[in-house]
Amino acid sequence: MVQAYILIQTEVGKAATVAREIAGITGVTQAEDVTGPYDVIVRAEARNVDELGKLVVAQIQAVDGITRTLTCPIVHI
């Protein structure tokens with residue numbers, strides 16, 4: 001299982017709407033609108049890195065109002 005945080009920038013005024021829509025996507029375990037340089041922070045999981053990439057590109061980035069994403073895989077050292 002691969003887990004990651006996805007940091008999202010949105011259009012002005014869209015953070016809450018984007019977070020609600022992303023929260024309903026399979027593989028997303030948490031989606032919160034926040035303040036700071038990013039507008040939404042998402043925690044997601046997938047079976048492998050390829051599936052995580054597909055989740056981000058095909059589903060999360062397809063949500064209206066998103067301008068940029070940064071995916072941060074979780075590592076256990």
Side-chain angles (χ1 to χ4, degrees):
M1 183 69 62
V2 176
Q3 298 177 320
Y5 287 100
I6 303 150
L7 311 177
I8 299 172
Q9 293 177 336
T10 69
E11 295 172 4
V12 174
K14 298 273 187 158
T17 303
V18 167
R20 277 193 303 272
E21 188 169 342
I22 289 174
I25 296 173
T26 301
V28 171
T29 59
Q30 190 170 10
E32 301 285 345
D33 47 319
V34 298
T35 61
Y38 293 94
D39 303 305
V40 177
I41 297 179
V42 173
R43 185 166 176 149
E45 60 186 19
R47 286 190 294 217
N48 55 51
V49 174
D50 289 338
E51 285 191 14
L52 179 64
K54 290 175 186 174
L55 171 67
V56 172
V57 173
Q59 295 183 54
I60 292 175
Q61 289 182 350
V63 172
D64 187 50
I66 292 177
T67 58
R68 180 174 294 184
T69 64
L70 175 65
T71 303
C72 304
I74 296 171
V75 296
H76 301 282
I77 299 174

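On a predicted model such as this, the values are computed, not experimentally measured, just so you know. All values below come from the heavy atoms of this structure, side chains included, with hydrogens, waters and symmetry mates left out.
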*In chain order, what residues pass the side-chain hydrogen bond (donor to acceptor under 3.5 Å, both in side chains) check against T71, with sequence neighbours excluded?*
none

*Under the side-chain contact (heavy atoms from CB on, under 4.5 Å) rule, collect the residues that match up with T29, sequence neighbours excluded.*
R43, E45

*asked:* Once side-chain contact (heavy atoms from CB on, under 4.5 Å) is applied, do any residues pair with V2, and if so which ones, sequence neighbours excluded?
replied: V49, L52

*Do you know which two heavy atoms are closest between A31 and A19, and how far apart they sit?*
CB-O, 3.6 Å

*Can you name the nearest heavy-atom pair linking A4 to P73, along with the distance?*
CB-CA, 3.7 Å

*asked:* Are I8 and I60 packed together at the side-chain level, in the sense that at least one heavy-atom pair is separated by less than 4.5 angstrom?
replied: yes

Would you mind listing every salt bridge (Lys or Arg N to Asp or Glu O under 4.0 Å) that reaches into [range], with sequence neighbours excluded?
{"range": "residues 46-57", "answer": "R47-E51"}
{"range": "residues 19-37", "answer": "none"}
{"range": "residues 3-17", "answer": "K14-D64"}

*Quick one: CG on L55 to CD on Q61, what's the gap to the nearest 0.5 Å?*
10.0 Å

*Nonpolar side-chain network containing L70, other nodes, edges under 4.5 Å*: Y5, L7, V34, Y38, I41, I74

*What's the verdict on side chain to side chain contact (heavy atoms under 4.5 Å, CB included) for I6 and V56, showing C-alpha distance, side-chain angles and the deciding distance?*
CA-CA 8 Å; I6 303 150; V56 172; 3.7 Å; yes

*Go through the steps to decide whether V42 and T69 satisfy the test side chain to side chain contact (heavy atoms under 4.5 Å, CB included), and finish with yes or no.*
CA-CA 10 Å; V42 173; T69 64; over 6 Å; no

